[in-house]
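One structure is given here, and the rest of the page talks about it.
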Number of protein chains: 2
Amino acid sequence: MARTPTRDVIMSAAVSVAAQHGISGSSMDEIAEQAHVAKGSLYYHFPSKDAIFENVLQAGFDRLADAIRDARSATEAGAALRAVTEATLAVLQQNPARAKIVVSEMFRTDRPWGDAIAPARASIVVLYRDVLRDAALQSGGTPAAEAITETAGAAFFGAIAGAGLEWLLFHPDQPIGAVADQVLLLARC
Amino acid sequence: MARTPTRDVIMSAAVSVAAQHGISGSSMDEIAEQAHVAKGSLYYHFPSKDAIFENVLQAGFDRLADAIRDARSATEAGAALRAVTEATLAVLQQNPARAKIVVSEMFRTDRPWGDAIAPARASIVVLYRDVLRDAALQSGGTPAAEAITETAGAAFFGAIAGAGLEWLLFHPDQPIGAVADQVLLLARC
DNA sequence: GTCTATACGCAGATAGAC
DNA sequence: GTCTATCTGCGTATAGAC
């Protein structure tokens with residue numbers, strides 16, 4: 001079996017540690033231990049602790065964006081809302097540790113790496129907004145697509161994230177479809 | 001004017017500092033500076049840093065729960081969904097610094113004070129669930145109220161929180177009613 | 001590329017005067 | 001109740017051998 005590059009091992013370890021203690025609460029000592037490398041080696045692959053988590057978040061946002069795009073394009077228009085919801089939940093489920101970090105960093109603007117990841121973050125909100133716009137057009141144009149803003153996109157993301165974390169943290173035995181039902185239930189009240 | 005008790009000054013300062021740097025990133029030195037007291041005085045009013053934030057979060061959760069209950073009971077059944085949404089947004093807007101902390105701690109289970117605030121957190125999710133159940137009964141019993149679980153409550157909270165933070169952080173000029181519209185738009189797609 | 005050893009500052013917490 | 005002074009450990013980051 002091909003050996004995983006040390007750089008990736010370090011990033012995985014960082015995700016795992018940060019899921020437990022938060023990013024600020026994660027020490028380079030613990031990341032090194034979890035990655036089975038010496039602390040000094042971390043600084044060969046990354047210039048600083050901040051750089052590690054900048055890369056972690058960038059990768060997490062990119063993966064989420066890819067999942068949304070895939071679900072949106074691989075689905076007939078009428079079912080896009082459910083497809084995107086389930087695709088997002090699947091990404092969260094696939095790596096719950098990373099999910100906790102990505103979700104909790106989605107609305108933090110005060111990080112050293114804030115400027116670097118802002119575009120990736122913003123594009124995710126826009127993607128969710130566009131999915132909602134598609135659905136509005138599909139259902140006869142009410143509300144008007146232009147009336148749907150990034151704020152609604154953030155609400156959609158928040159709904160999936162809230163349900164997803166409740167699921168993974170407190171009711172992990174629920175099937176993913178049932179969780180999606182609870183999210184989409186907001187769309188029917 | 002009556003002087004604010006030092007204990008409250010410290011808690012306000014802690015909120016303000018944590019909104020900028022996160023809880024782990026907040027130092028007792030900076031909290032003391034912001035509160036205009038010496039660091040030693042913090043330890044007269046609280047036994048530890050953790051204790052300060054346990055109290056901050058408990059108070060934040062309690063205030064949110066009160067707002068939800070008030071909005072729910074002061075409204076005729078048909079408008080409860082909007083009333084609760086706007087009431088929640090108003091709480092966030094009234095103290096954005098506290099809002100950031102409360103929202104970001106809603107789905108963290110790994111804190112020293114986790115057990116202490118878990119009941120308050122859980123009761124908020126249940127409150128949102130019950131508001132959704134009310135709305136389902138109101139609109140003719142579809143879906144069945146029993147089919148609406150805490151997961152939907154968490155989704156509802158997440159939707160409001162996501163929209164609210166997007167609003168306060170990136171589009172603070174929007175009127176609160178417009179933000180509520182974007183949240184409730186999820187309910188109409 | 002990976003290691004060990006170490007420099008250096010900062011954070012949480014305590015002691016004790018006033 | 002509030003202050004100043006101080007202890008102590010931990011955390012990031014660097015130096016340099018292998």
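Per chain, numbering begins at 1; letters A, B, ... match sequence-line order. Remember, it's a predicted structure, so these values are computed and weren't measured experimentally. The analysis underlying the following values was restricted to heavy atoms, covering all of them including side chains, and did not include hydrogens, waters or symmetry mates.
Salt-bridge annotation for B:Arg63 and B:Asp66: absent, with no side-chain N of the basic residue lying under 4.0 Å from a carboxylate O of the acidic one.
Within residues 7-31 of chain B, no residue has any heavy atom closer than 4.0 Å to DNA chain D.
To the nearest angstrom, P of C:dT14 lies 13 Å from CG of B:Leu42. Here C:dC3 presents its C1' atom at 16 Å from CD of A:Glu33, a figure rounded to the nearest Å. Between the CZ atom of A:Phe46 and the P atom of D:dA13 there is a distance of 13 Å, rounded to whole Å. As a whole-Å value, the separation of B:Ile52 CD1 from C:dA11 P is 14 Å. Rounded to whole Å, the distance from CZ on A:Arg3 to C1' on C:dT2 is 12 Å. Here C:dA5 presents its P atom at 18 Å from OH of A:Tyr43, a figure rounded to the nearest Å.
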Give me, pair by pair, the N or O atoms of the protein and of nucleotides 15-18 of chain D that are less than 3.5 Å apart, along with how far apart they are.
none

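How far CG of A:Leu185 is from CG of B:Leu186: 12.0 Å, rounded to the nearest 0.5 Å. Distance check: A:Leu132 CG to A:Ile148 CD1 gives 5.5 Å after rounding to the nearest 0.5 Å. Atom NZ of A:Lys100 and atom CD of A:Gln20 lie 8.0 Å apart (nearest 0.5 Å). Rounded to the nearest 0.5 angstrom, B:Gln174 CD and A:Thr149 OG1 are separated by 5.5 Å.
Checked options A:Arg121, A:Arg133, A:Arg129; the residue passing with A:Glu150 is A:Arg129 (criterion: salt bridge (Lys or Arg N to Asp or Glu O under 4.0 Å)).
Between A:Ile31 and A:Phe53 there is a side-chain heavy-atom pair separated by less than 4.5 Å. Counting heavy atoms from C-beta on, the side chains of A:Trp167 and A:Ile176 come closer than 4.5 Å.
In this structure, of D:dT2, C:dT2, D:dT12, it is C:dT2 that holds the atom nearest to the side chain of A:Tyr44. Closest approach to the B:His45 side chain among D:dT12, D:dT2, C:dT2 is made by D:dT2 (side chain taken as heavy atoms from C-beta onward).
Relative to the axis of its first five pairs, the axis of the last five pairs of the helix from C:dG1-D:dC18 to C:dC18-D:dG1 sits at 10°, rounded to 10 degrees.
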Checking A:His21 against A:Glu30 for the side chain to side chain donor-acceptor pair (under 3.5 Å) test, could you report, in this order, the C-alpha distance in whole Å, the side-chain angles of both residues, the deciding distance, and whether it holds?
CA-CA 10 Å; A:His21 309 306; A:Glu30 197 170 351; 3.1 Å; yes

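The phosphate of C:dG1 (OP1 or OP2) has no side-chain N or O of A:Thr6 nearer than 4.0 angstrom. Using a 4.0 Å cut-off, no side-chain N or O of A:Ser41 falls inside it from OP1 or OP2 of C:dG1.
In terms of polar N and O atoms assigned as donor or acceptor, the side chain of B:Lys39 comes within less than 3.5 Å of the base of C:dG12 in a complementary pairing.
Using the six-membered ring where Trp is involved, A:Phe157 and A:Tyr128 have ring planes that are tilted, between 30° and 60° apart.
A continuous path of Ile, Leu, Val, Met, Phe, Trp and Tyr side chains, each step under 4.5 Å between heavy atoms, connects A:Phe170 with A:Leu89, placing both in one hydrophobic cluster.
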